[in-house]
Amino acid sequence: MKGLFITLEGGDGAGKSTQIRNIERFFAEKGLIVVHTREPGGTPISEKLRDILLDNHNSEMSPVTEMMIYAASRAQNVRENIIPALERGEVVICDRFVDSSVAYQAYGRGLGDMVSEVNKYATGGLSPDITFWLDIDPQAGRARAAKVGELDRLETEEMEFHYRVYEGYRKIAEGDPERVRRIDASESVDAIRDHIYECLEELCRSKGI
Ligand code: TYD
């Protein structure tokens with residue numbers, strides 16, 4: 001595929017939205033078309049699934065149901081949104097992708113290998129060119145996120161859950177260091193941007209952009 005597929009990952013309050021805007025600016029300045037999407041969500045069907053997933057009233061949802069709805073949202077976003085944009089040669093920036101399912105459902109919920117297996121079908125094998133993991137301690141992230149608004153169904157999980165998710169991200173980054181770049185999210189917004197830009201320059205050079 002011609003385009004570039006970039007994903008951002010990290011726990012609550014890691015500052016992903018600010019850095020997504022910076023990444024959009026980076027590619028816009030190179031004259032490339034940038035598509036910004038998010039998971040769960042990104043298409044009308046996927047946004048409906050997002051509402052189900054994040055609704056605090058759905059406290060009885062089983063972990064397997066949860067994992068499959070995240071995968072269903074992704075299957076639609078990949079086919080309706082992401083692949084067509086990549087085929088047009090555009091840059092797709094996705095706020096969370098499969099790594100979130102591995103961190104939250106495989107590690108956080110304890111579902112293990114089943115999650116990667118199901119997501120092979122959801123993505124049809126599509127994998128990001130680069131992933132930025134904005135690494136923030138769960139406690140610090142929670143304190144930042146809580147300032148912003150009401151907590152959703154996942155955010156209200158106990159702290160141990162968020163530490164399992166964190167451990168999941170650590171393992172993902174360790175296992176795939178070429179794709180997953182760990183960014184220290186406790187640094188200043190500008191320092192984080194500079195680090196991300198360095199990685200993007202390197203990626204662009206390797207792709208001849
Ligand atoms: P969102 O408000 O998009 O979170 P954030 O602003 O932190 O990115 O909510 C998405 C929530 O869903 C978040 O708590 C992470 C969780 N999630 C999963 O558990 N599995 C997944 O596959 C994805 C994409 C998200």
Side-chain angles (χ1 to χ4, degrees), residues 1-12 14-16 19-20 22-23 26-27 35-40 42 63 66-68 70-71 73-75 77-78 81-83 85-86 91-138 141 154 161-187 191-209:
M1 247 167 288
K2 290 182 287 171
L4 276 182
F5 184 31
I6 296 163
T7 60
L8 274 94
E9 296 286 350
D12 302 329
K16 283 187 282 118
Q19 297 307 330
I20 286 171
N22 282 331
I23 298 172
F26 177 93
F27 286 105
V35 175
H36 169 198
T37 184
R38 67 170 179 183
E39 294 202 345
E66 177 182 283
M67 183 269 287
M68 289 191 167
Y70 277 112
S73 164
R74 180 164 303 127
N77 198 22
V78 163
N81 223 356
I82 300 176
I83 288 181
L86 292 176
V91 178
V92 178
I93 305 172
C94 195
D95 184 350
R96 300 187 176 279
F97 197 58
V98 175
D99 297 324
S100 281
S101 282
V102 173
Y104 284 77
Q105 279 69 53
Y107 285 88
R109 299 291 190 215
L111 291 179
D113 293 344
M114 177 204 297
V115 177
S116 308
E117 213 37 58
V118 167
N119 274 280
K120 283 184 196 155
Y121 295 96
T123 62
L126 178 72
S127 175
D129 292 294
I130 195 164
T131 297
F132 295 106
W133 169 38
L134 298 187
D135 173 1
I136 187 153
D137 172 74
L154 276 286
F161 173 81
H162 291 285
Y163 276 101
R164 288 196 298 277
V165 170
Y166 183 79
E167 183 57 15
Y169 275 125
R170 226 184 41 73
K171 292 243 173 72
I172 293 167
E174 205 177 79
D176 198 353
E178 190 49 42
R179 173 180 66 87
V180 183
R181 306 299 170 93
R182 191 190 79 87
I183 307 283
D184 181 354
S186 68
E187 290 195 342
I192 295 173
R193 180 204 55 208
D194 292 348
H195 188 174
I196 289 177
Y197 278 15
E198 268 172 40
C199 298
L200 291 177
E201 288 292 0
E202 179 197 315
L203 176 69
C204 287
R205 270 196 304 277
S206 77
K207 298 270 180 190
I209 292 169

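All values reported here derive from a predicted model rather than from experimental measurement.
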Check: [Y] and [X] side chains under 4.5 Å, non-hydrogen atoms:
X: Tyr169; Y: Ser100; answer: yes
X: Thr123; Y: Phe97; answer: yes
X: Asn77; Y: Cys94; answer: yes
X: Ile6; Y: Ile130; answer: yes
X: Tyr107; Y: Val102; answer: yes
X: Phe27; Y: Leu200; answer: yes
X: Ile192; Y: Leu134; answer: yes

So, are Lys171 and Glu174 salt-bridged, with charged N and O less than 4.0 Å apart? no
Once you round to the nearest 0.5 Å, how far does [atom1] of [X] lie from [atom2] of [Y]?
X: Arg182; Y: Cys199; atom1: CZ; atom2: SG; value: 11.5 Å
X: Leu126; Y: Arg74; atom1: CG; atom2: CZ; value: 11.0 Å
X: Glu66; Y: Ser101; atom1: CD; atom2: OG; value: 8.5 Å
X: Glu9; Y: Tyr104; atom1: CD; atom2: OH; value: 8.5 Å

Grab the two heavy atoms, one from [X] and one from [Y], that are nearest each other, plus how far apart they are.
X: Ala85; Y: Val35; answer: CB-CG2, 4.0 Å
X: Ala122; Y: Ala71; answer: CB-O, 3.5 Å
X: Pro63; Y: Leu111; answer: O-CD1, 3.5 Å

Just by modelled atom types, is the Ile20 backbone N or O under 3.5 Å from a matching donor or acceptor in the Asp95 side chain? no
So, does Arg164 use its side chain to make a donor-acceptor pair with the main chain of Arg109 at under 3.5 Å? no
What's the verdict on side-chain contact (heavy atoms from CB on, under 4.5 Å) for Thr7 and Trp133, showing C-alpha distance, side-chain angles and the deciding distance? CA-CA 9 Å; Thr7 60; Trp133 169 38; over 6 Å; no
Before giving the answer on side-chain contact (heavy atoms from CB on, under 4.5 Å), spell out for Thr131 and Asp176 the whole-Å C-alpha distance, their side-chain angles and the decisive distance to 0.1 Å. CA-CA 10 Å; Thr131 297; Asp176 198 353; over 6 Å; no
May I have all residue pairs that pass side-chain hydrogen bond (donor to acceptor under 3.5 Å, both in side chains) and include part of residues 193-205, sequence neighbours excluded? Arg181-Glu202
Full working for side-chain contact (heavy atoms from CB on, under 4.5 Å) between Arg179 and Asp99: CA-CA 11 Å; Arg179 173 180 66 87; Asp99 297 324; 2.8 Å; yes
Is it the case that Tyr70 and Arg96 place a side-chain donor and acceptor less than 3.5 Å from each other? no
Working note: Ile83 + Phe5, criterion side-chain contact (heavy atoms from CB on, under 4.5 Å); need CA distance, chi angles, decisive distance, verdict. CA-CA 9 Å; Ile83 288 181; Phe5 184 31; over 6 Å; no
